[in-house]
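Single-structure report; data block below.
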Protein chains: 2
Amino acid sequence: MENYRHLFPDLEEGLQREMQEKGRVLAVKAGQVLIQSGQNIRNTMIVLDGLIKLYRENDEGNEFFMYHLHPGDGCALSLICDRSFKLSSVTAKAVADSVLLVVPLEHTENWMRQYRTWYHFVVGTYRRRYEELLETIDHIAFQNMDERLEFYLRRHRQALNTNVLEITNTQIAQELNSSREVISRLMKKLSEDGKVRLLKNGIEILKL
Amino acid sequence: MENYRHLFPDLEEGLQREMQEKGRVLAVKAGQVLIQSGQNIRNTMIVLDGLIKLYRENDEGNEFFMYHLHPGDGCALSLICDRSFKLSSVTAKAVADSVLLVVPLEHTENWMRQYRTWYHFVVGTYRRRYEELLETIDHIAFQNMDERLEFYLRRHRQALNTNVLEITNTQIAQELNSSREVISRLMKKLSEDGKVRLLKNGIEILKL
DNA sequence: GCTATCCTGTGATATTTGTCACGAAGGTCG
DNA sequence: CGACCTTCGTGACAAATATCACAGGATAGC
């Protein structure tokens, strides 16, 4: 945890110490599922390193990409659980090898009243995620697949900080709840427009 | 405010007094717009009476129904604003004549640390709205228009607590970001299936 | 009663997206 | 090398939804 203090410049000294004492550092492998849909939440999770992806899932096994969590981000759903240990309705999966700080919920509720900076952290987290969800709704509600695909690519380029995304059309189709063929065709169009280049095992983003 | 105490059985005595002192009671007419997209938020709003509808809007004037606020509900976006006075990205409109409690943000941040019950109130509010948004995403992402329409009708019957909705197809189409004709056709189907009855100025929900 | 307006119903058609079928390219492993 | 797997591209088709055009009914205001 000491190595990660730079991620939380706004959190006060005492709080940082408590995070170190009460929290457990957990390393996870790329691809590992952290929270399964329908599982109880008993811990707050904060990303220290790596990258986490959050999905919404439904009964029939369809999934839908919500947003990424970067180092310094907390998982909104697990930050405030109101003691009721509600069921989680999303799936969190590590995109890259990642490191998490796991803190039992009983501590974080105390921090909420004890540390003004923690309150700001939680409030900021929730608000950002809420607005990110709103943005997602905008896209599904108002836009066509081609625009949504471009947005998806931009988002992923930014999150992974690379112009080359090693990802299959099948995977994209799943996360946008579309079908491989549709993505394939749209991708061809993007390529013809010079917006991306199709590599043999991924996509290079040229200008989006 | 005294008349509305029963709405907040969980809020502690001192807090209720402060709400009464610091808050301003505001009556609004049905149809009135409370928060316009892009407007600054400087006050927390809590619904005391009536019914408020929240919409997401985009640049081209399309709107999309998000959820209702009932008496006792706080407006999530305005509850925690993190002092940054961010722009609001939604529109709130009174469905019926309504009464609101308006509290300047500087007070509510203090309450957050001072009153444990306020903290729970805010946390609960945010979480519920967050999950409501998730549910909305499920519907747009995974379901067809007919299912979404049924869900819309159920939601409105529940919110308005009546089986007769005085609402036009045009209005529904807007809120689902569809078109009047589509709603008209689907409504006919619902009627043929005996799920609704089409009245001359509204819809009676029979079994949904 | 006349006109303007709003809401509705409906056919025809276009667009978007999903589904099915199939073949090609590349990779892995025995 | 050959069997197998995954991925991709693509044509043909189906389904869902949007759009256009138009007509009828209700209602408010004059």
key: Side-chain N,O (B/Asn177) to OP1/OP2 (D/dA18) below 4.0 Å   = no
task = Find the distance A/Lys189:NZ to C/dT15:P and express it as a whole number of Å.
result = 13 Å
remark   = Separation of C/dC7 atom P from B/Ile172 atom CD1, nearest Å, is 12 Å
Rounded interatomic separation in angstrom, taking CD1 from B/Ile183 and P from D/dT19 = 13 Å
ask   = Does a side-chain N or O from B/Asn201 land closer than 4.0 Å to OP1 or OP2 of C/dC6, or not?
value = no
remark   = Note: B/Leu51 and B/Ser98 closest approach over all heavy atoms is N-OG, 3.1 Å
ask   = Please give, in whole Å, the distance from D/dA18 P to B/Asn169 CG?
value = 14 Å
Test salt bridge (Lys or Arg N to Asp or Glu O under 4.0 Å) applied to A/Lys195 - qualifying residues, sequence neighbours left out = A/Glu150
request  = Measure from the side-chain heavy atoms of B/Arg185 and tell me the nearest of C/dT17, D/dA12, C/dG11.
outcome  = C/dG11
inquiry  = Less than 6.0 angstrom from the centroid, inside 45 degrees of the normal: does B/Arg129 satisfy that with respect to the ring of A/Tyr130?
reply    = no
note = From the list A/Thr117, A/Leu15, A/Ile46, side chain to side chain contact (heavy atoms under 4.5 Å, CB included) partner of A/Phe8 resolves to A/Ile46
request  = Name the nucleic acid region contacted by B/Thr168, choosing base, sugar-phosphate or nothing; use a 4.0 angstrom heavy-atom cut-off, strictly under.
outcome  = sugar-phosphate
task = Specify the separation, in whole Å, of atom CG of B/Leu186 and atom P of C/dG9.
result = 12 Å
note = Note: A/Ala92 and A/Leu54 closest approach over all heavy atoms is CB-CG, 4.2 Å
ask   = Distance-only, no hydrogens or angles: does the A/Asn177 side chain make a donor-acceptor pair with backbone N or O of A/Phe64 under 3.5 Å?
value = no
key: Closest approach of B/Thr136 to B/Met66 (non-hydrogen atoms, all atoms of both residues)   = OG1-O, 3.9 Å
task = For the helix from C/dG1-D/dC30 to C/dG30-D/dC1, measure the angle between the helix axis at one end and the axis at the other, each built from five pairs, rounding to 10°.
result = 30°
query = Between the side chain of A/His107 and the main-chain N/O of A/Val103, is any donor-acceptor distance below 3.5 Å?
reply = no
Derivation of the side chain to side chain contact (heavy atoms under 4.5 Å, CB included) call for A/Leu101 and A/Met19 = CA-CA 8 Å; A/Leu101 182 69; A/Met19 286 169 74; 3.8 Å; yes
task = Name every residue in residues 136-148 of chain A that has at least one heavy atom under 4.0 Å from any atom of DNA chain D, in order of residue number, or write none if there are no such residues.
result = none
request  = For B/Thr170, answer base if it contacts any base atom (sugar-phosphate contacts may also be present), sugar-phosphate if it contacts only those atoms, and nothing otherwise; contact means non-hydrogen atoms under 4.0 Å.
outcome  = sugar-phosphate
ask   = Hey, is the main chain of B/Met187 close enough, under 3.5 Å, to the side chain of B/Ser191 for a donor-acceptor pair?
value = no
task = Spell out yes or no: do the side chain of A/Glu181 and the base of D/dC8 have one donor N/O and one acceptor N/O closer than 3.5 Å?
result = no
message = Distance check needed: C/dT8 P versus B/Gln174 CD, whole Å only.
response = 12 Å
key: Base C/dG18 to side chain A/Arg180, donor-acceptor N/O within 3.5 Å cut-off   = no
task = Using a 4.0 Å heavy-atom cut-off across all strands, classify A/Lys200 as base, sugar-phosphate, or nothing.
result = nothing
remark   = B/Leu149 atom CG is separated from D/dA16 atom P, nearest whole Å, by 15 Å
query = OP1 or OP2 of D/dG9 sitting under 4.0 Å from any side-chain N/O of A/Ser184?
reply = yes
ask   = Roughly, in whole Å, what's the span from CG in B/Leu199 to C1' in C/dC7?
value = 14 Å
